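Because the structure is predicted, anything quoted here is derived from the model rather than measured. Just so it is clear: chains get the letters A, B, ... in the order the sequence lines come, proteins before strands, and each one is counted from 1.
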Number of protein chains: 2
Amino acid sequence: MFAALGDATRLGLIGRLSDGGERSIVQLGDGLPISRQAVAKHLDVLLGAGLVRRTKSGREVLFTLQPQSLAEARNWLDQVESQWEGTLGRFKDFVENQP
Amino acid sequence: MFAALGDATRLGLIGRLSDGGERSIVQLGDGLPISRQAVAKHLDVLLGAGLVRRTKSGREVLFTLQPQSLAEARNWLDQVESQWEGTLGRFKDFVENQP
DNA sequence: GATTTATGCAACCATAAGGTTGCATAAATT
DNA sequence: AATTTATGCAACCTTATGGTTGCATAAATC
């Protein structure tokens, strides 16, 4: 899922969806300097990573952000950081107990 | 930087460094099914993303985690999530005020 | 001084990633 | 019914990416 976030275009798409609204492929690609197909492929990647949800409405395909999945990424970061800080704490103890 | 995290091998390296210790290229590659050179390349990527710090000690090159940079990634996620929740709040208001 | 041991540099390779184009299909419009 | 408009499918292209191998260098160890 970090891989899915590791592309500027896809980060941009998520940004556009971060207001909670649902948008079609055409809408999401509006203004971008790439073809509609390229946008569709990026959305497929985001879908595969569970970052967006796909619903059909008439002839349109609408995408919405799936923010629960972002929490997953955050949890991983939190875990690494907290483990690091735990060690930092032990290191502080060590230093402070030096004669 | 999400791109740097978007590789299983590199995530593993960060995991190994998350205890705050410093390790050489050989140490970090120990147990991995890839060559030392491949490990060195991954560490270069992590270095480029600011996720690790490089110091020389004798003939060894030691790497340590740079957790401040992880916070950056977290901030981005927080921002997207909070914007989404803001909208969710407005949506709740809307629903609750329906007759 | 000779030999390990830890890296760096560079060329090379296969596959994946991001992108394009052309054509087909399906739902709205006119 | 004819035409837009929104997608999907598939082939194709170029460049990055993750990986390897061979050789050079520099610091420890014998």
Sequence neighbours left out, what passes side chain to side chain contact (heavy atoms under 4.5 Å, CB included) with [X]? Give chain and number order.
X	result
Thr64(B)	Glu22(B), Arg53(B)
Arg54(B)	Leu47(B), Lys56(B), Val61(B), Phe63(B)
Ala38(A)	Ile34(A), Ser35(A)
Ser57(A)	Leu62(A)

request  = Give the minimum heavy-atom separation between Ser18(B) and Leu65(B), together with the two atoms involved.
outcome  = CA-CD2, 3.8 Å

inquiry  = Tell me the closest heavy-atom pair linking Ile25(A) and Leu43(A), and the distance in Å.
reply    = CG1-CD1, 4.0 Å

message = Can you list everything that forms a salt bridge (Lys or Arg N to Asp or Glu O under 4.0 Å) with Arg23(B)? Sequence neighbours excluded, please.
response = Asp19(B)

query = Just by distance, do the side chain of Arg16(B) and the backbone of Leu28(B) share a donor-acceptor pair under 3.5 Å?
reply = yes

task = Ignoring hydrogens and angles, tell me if any N or O in the side chain of Ser24(A) forms a donor-acceptor pair with the backbone of Glu60(A) under 3.5 Å.
result = no

note = Residue pairs meeting ring-ring contact (aromatic ring centres under 6.0 Å, His included), one or both in residues 64-83 of chain B, sequence neighbours left out, come to Phe2(B)-Trp76(B)

key: Selection residues 2-13 of chain A - residue pairs positive for side chain to side chain donor-acceptor pair (under 3.5 Å), sequence neighbours left out   = Arg10(A)-His42(A)

What are the residues of [range], sorted by number, that bring a heavy atom to within less than 4.0 Å of DNA chain C?
range	value
residues 53-63 of chain B	Arg54(B), Arg59(B), Glu60(B), Val61(B)
residues 38-52 of chain A	Ala38(A), Lys41(A), His42(A)
residues 24-37 of chain B	Ser24(B), Ile25(B), Val26(B), Arg36(B), Gln37(B)

request  = Could you name each residue pair satisfying salt bridge (charged side-chain N to carboxylate O under 4.0 Å, His left out) that touches residues 64-74 of chain B, not counting sequence neighbours?
outcome  = Asp78(A)-Arg74(B), Glu81(A)-Arg74(B)

remark   = Contact span of DNA chain C against chain B, any nucleotide atom under 4.0 Å from a heavy atom, 5' to 3', runs dT5(C) to dC9(C)

